[in-house]
Amino acid sequence: MKRSDSQTMQITTDFLVLGSGIAGLSFALRAQAHGQVIVVTKRTAAEAATSWAQGGVAAVLAPEDSFQKHADDTINAGGGLCHEVVVDLCVREAPEAVRWLAEVGARFSRESEDAGSFDLGREGGHSERRIVHAGDISGREIERALLDAVRASPNITLLEWHMGIDLITLSKFGGPDQCAGAYVLDEQNGHVTTILSRATVLATGGAGKVYLYTSNPDVATGDGVAMAYRAGAEVANMEFYQFHPTVLFEPRAKSFLVSEALRGEGAVLRSLDGDAFMPRHHPLADLAPRDVVARAIDYEMKRSGVEHVLLDITGRPADFVRARFPNIHAECLRFGIDMTREPIPVVPAAHYMCGGVTSDLHGRTTLPGLWAIGETACTGLHGANRLASNSLLEGLVFARRAADRLASVMPELRTAPHPSVPEWQTGSAAPSDEAVVVSHNWDELRRLMWNYVGIVRSDARLRRAARRVALLEEEIREYYWRHLVTRDLLELRNIATVAQLIIASAANRRESRGLHYTIDHEATLDEFAEDTVAKRGVLPHLRGR
Ligand SMILES: Cc1cc2nc3c(=O)[nH]c(=O)nc-3n(C[C@H](O)[C@H](O)[C@H](O)COP(=O)(O)OP(=O)(O)OC[C@H]3O[C@@H](n4cnc5c(N)ncnc54)[C@H](O)[C@@H]3O)c2cc1C
C-alpha cells in the first residue's frame with residue numbers, strides 16, 4: 001500500500017457512478033429522486049461510446065413486429081449463450097425505455113413532421129424494422145439530451161476529468177467483502193479523492209482500445225472490468241469481442257465507423273476488383289450477422305493481401321443517401337470520398353465487448369455494494385455475440401432496473417454510517433520519468449492483441465499472446481508501483497488486465513462459437529454451451545446456468 005500525502009480528500013454520497021455514457025447518465029437521472037448522485041467521468045462528459053453510436057436503439061414499435069421476433073433475433077445472434085430471461089425482459093422493456101428517452105428530450109427521427117410514431121430503421125440480423133434513430137447521429141443526440149437533463153438536476157454532481165483508479169473494498173481493511181466507493185484521480189491536479197458511497201455503479205463502457213484498430217473512443221480502456229476484477233468481482237465471457245466490419249479506412253479519420261444501417265439500406269461489400277463477395281459467405285449476404293461479415297472481410301483481405309475492402313451504396317439515389325446518412329456522407333467528403341458516386345474503403349475494427357462484469361437482473365455484481373450496467377456489464381443479453389442496436393437498449397434497461405432496486409433499499413442503507421477507510425497512499429512513488437515505457441507497452445499490447453487474439457484465433461497464437469502479455473503486465477505493474485498515477489499509466493494497467501482476461505478466456509474455450517473463432521477448434525460443441533467466468537485467483541472456467 002502506498003503512503004498517504006497531503007493531496008487527498010474524502011467525500012461521501014449515496015450513489016457513485018463511474019462513467020457518463022447512456023448507462024451512467026440514465027442511472028443518475030433515475031436515481032436522483034432517491035439520494036445524492038456523483039457521476040465521475042474521465043474526460044469531458046460527452047466523451048463516451050454512446051456519443052458515437054450511429055444506428056440507434058432496438059425496440060418493438062411497429063405493428064408487424066413482436067417481442068418474440070426481437071427475442072428470436074437476439075438469441076439467433078447470441079450463439080447459444082443468451083440468458084433467455086434477460087433477453088425477454090430487455091425486449092419487453094425496450095418500448096418504455098425509448099419513450100422515456102424521448103421524454104427526457106432525445107429528438108428521434110419521426111415518420112413525418114407531425115406523426116407521433118418513430119421512423120424505424122433496419123439493421124443486420126434484425127428480421128423487422130425496429131431501430132429508433134436520430135438520423136445517423138443517434139448517440140450524439142441521446143448523449144446531449146441525457147447530459148442536459150443531468151446538468152439541470154440539483155441532486156447530481158458531475159465531475160469531469162475524474163478517473164476511477166480502484167474500488168474501495170472493505171475486506172482489504174479487515175472489514176466485510178463489500179465495495180464502499182472508489183479512489184478517484186483528479187486529472188487536472190493529480191490529487192486522489194476518496195469517494196465513499198452507499199452504492200457504487202460501474203458504467204465505464206467497453207475496452208476497444210485493447211486492440212490496435214477500434215471503432216471506440218479513447219476512453220474505452222476496460223477500466224470497469226479491470227477495477228472489478230482487482231476488487232474480486234466475477235467477470236464473464238471476455239473472449240467474445242465483437243469486431244465491427246466497416247470502419248472507414250483512412251489514416252486521417254480516427255476510428256470513424258460506417259454504420260451497419262448502410263447495408264440495411266442496400267449497400268454492398270465488394271473486393272477491390274468490384275466483386276460482391278458476401279453471397280459466398282452467408283445466405284443473408286450483406287445482411288449477415290456482423291461477426292460473419294467481419295470474418296468474411298478478414299478472409300477476403302488476407303486472401304488477396306489488400307489493406308481494405310469497399311462498401312458500395314451508389315445503387316441508391318444520391319438524395320436518399322445524403323438525407324439518410326448526412327453525417328457519414330459529410331465525414332467521407334472531408335476525406336475526398338463522395339459515397340453517392342463511389343464506394344467507401346473500409347476495414348473491420350474492435351467494436352463491442354460482449355463480456356464484462358457479471359451482473360444479475362438488477363445490475364448487481366457478485367461483490368456486495370457494486371453494480372455494473374451498460375457495456376461494462378455482462379448481463380447475459382448478448383451471449384456469444386451482440387445483435388446490432390441492442391447495447392444502447394441494454395444500458396437503458398439495466399440503468400432503470402438498478403435504480404429501481406437501489407431506490408427500494410436506499411432508506412435502509414442510509415441508516416448505517418459510511419465506513420472509515422484510509423486515504424489513497426502514494427508512498428515513495430515519483431513522477432513518471434520514462435513516459436516511453438508507457439507508450440511503448442501501450443502500442444505493443446494493442447498490436448499483439450490485434451495480430452494474435454483478433455477476429456481469427458489459434459492455440460499457438462493465444463499461447464504466444466499469453467506469454468508476451470504476462471511479461472508486459474509485469475513491467476507495467478513494476479512501473480505502476482514506482483510512479484505517481486497518471487491517466488495513461490492507469491489505462492495501460494487496465495488494458496493489460498483486460499488483455500489477459502480475453503486471452504485466458506479464449507484459450508479456455510476450445511471450440512468456435514459466436515465471436516470466438518479459432519482455426520484449431522472450428523466446431524461448436526454442446527459441452528461448451530456455458531459462460532466463461534473468471535475471478536481474481538480463479539482461472540477462467542465454464543459455468544452452466
Ligand atoms: C462507433 C460506435 C457506434 C455504435 N453504434 C451503436 C448503435 O447504433 N446502437 C447500439 O445499441 N450500440 C452502438 N454502439 C455501442 C454503444 O454505443 C455502446 O455499447 C454504449 O454506448 C455503451 O454505453 P455505456 O454507457 O455503457 O458506455 P460509454 O458510452 O462508453 O460511456 C463510458 C463512460 O465511462 C467513462 N469512463 C471510463 N473509464 C472510466 C474511469 N476509470 N473513471 C471514470 N470514468 C470512466 C468514459 O469516459 C465514458 O464517459 C456503438 C459503438 C460505437 C463505438
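Just follow the structure's listing: the first ligand is 1, and inside any ligand the first atom is 1. Quick note: residue numbers are just sequence positions, from 1.
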Looking at [X], which atoms of ligand 1 are within less than 4.0 Å of one of its heavy atoms?
{"X": "G374", "value": "26 (O)"}
{"X": "H162", "value": "43 (C)"}
{"X": "D223", "value": "38 (N), 39 (C), 40 (C), 41 (N)"}
{"X": "E47", "value": "46 (C), 47 (O), 48 (C), 49 (O)"}
{"X": "V40", "value": "43 (C), 44 (N)"}
{"X": "Y352", "value": "19 (O)"}
{"X": "Q54", "value": "5 (N), 8 (O)"}
{"X": "A203", "value": "32 (C), 33 (C), 34 (O)"}

Any idea which protein heavy atom is nearest [atom], and the distance to it?
{"atom": "atom 22 (C) of ligand 1", "answer": "E375 OE1, 3.8 Å"}
{"atom": "atom 21 (O) of ligand 1", "answer": "T50 OG1, 2.8 Å"}
{"atom": "atom 15 (C) of ligand 1", "answer": "S391 OG, 3.5 Å"}
{"atom": "atom 17 (O) of ligand 1", "answer": "A49 O, 3.5 Å"}
{"atom": "atom 37 (C) of ligand 1", "answer": "T204 O, 3.3 Å"}
{"atom": "atom 25 (O) of ligand 1", "answer": "A23 N, 3.0 Å"}
{"atom": "atom 34 (O) of ligand 1", "answer": "G19 CA, 3.1 Å"}
{"atom": "atom 2 (C) of ligand 1", "answer": "H351 CE1, 3.5 Å"}

Can you check whether [X] has an N/O within less than 3.5 Å of an N/O in ligand 1?
{"X": "G55", "value": "yes"}
{"X": "G164", "value": "yes"}
{"X": "P217", "value": "no"}

Do the two ring centres, one from [X] and one from [Y], sit under 6.0 Å apart?
{"X": "H382", "Y": "Y352", "result": "yes"}
{"X": "H483", "Y": "Y479", "result": "yes"}
{"X": "Y211", "Y": "F243", "result": "yes"}

Answer with yes or no whether [X] contacts ligand 1, where contact means a heavy atom under 4.0 Å from a ligand atom.
{"X": "V57", "value": "no"}
{"X": "S138", "value": "no"}
{"X": "S215", "value": "yes"}
{"X": "S20", "value": "yes"}

Among S255, G56, G224, whose heavy atom sits nearest atom 9 (N) of ligand 1?
G56
Residue selection (non-hydrogen contact nearest atom 31 (O) of ligand 1) among A58, A220, A45, A48
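Comparing heavy atoms across A58, A220, A45, A48, the nearest one to atom 31 (O) of ligand 1 lies in A48.
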Flag for [Y]-[X]: side-chain donor and acceptor within less than 3.5 Å:
{"X": "H133", "Y": "S138", "answer": "no"}
{"X": "T204", "Y": "T376", "answer": "yes"}
{"X": "Q242", "Y": "N385", "answer": "yes"}
{"X": "T221", "Y": "N494", "answer": "no"}

About how many Å separate CD1 of I131 and NE2 of H126, when rounded to the nearest 0.5 Å?
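If I round to the nearest 0.5 Å, the distance is 3.5 Å.
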Of all heavy-atom pairs between N390 and A58, which one has the smallest distance, and what is that distance?
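Reported closest heavy-atom pair: OD1-CB, 3.6 Å.
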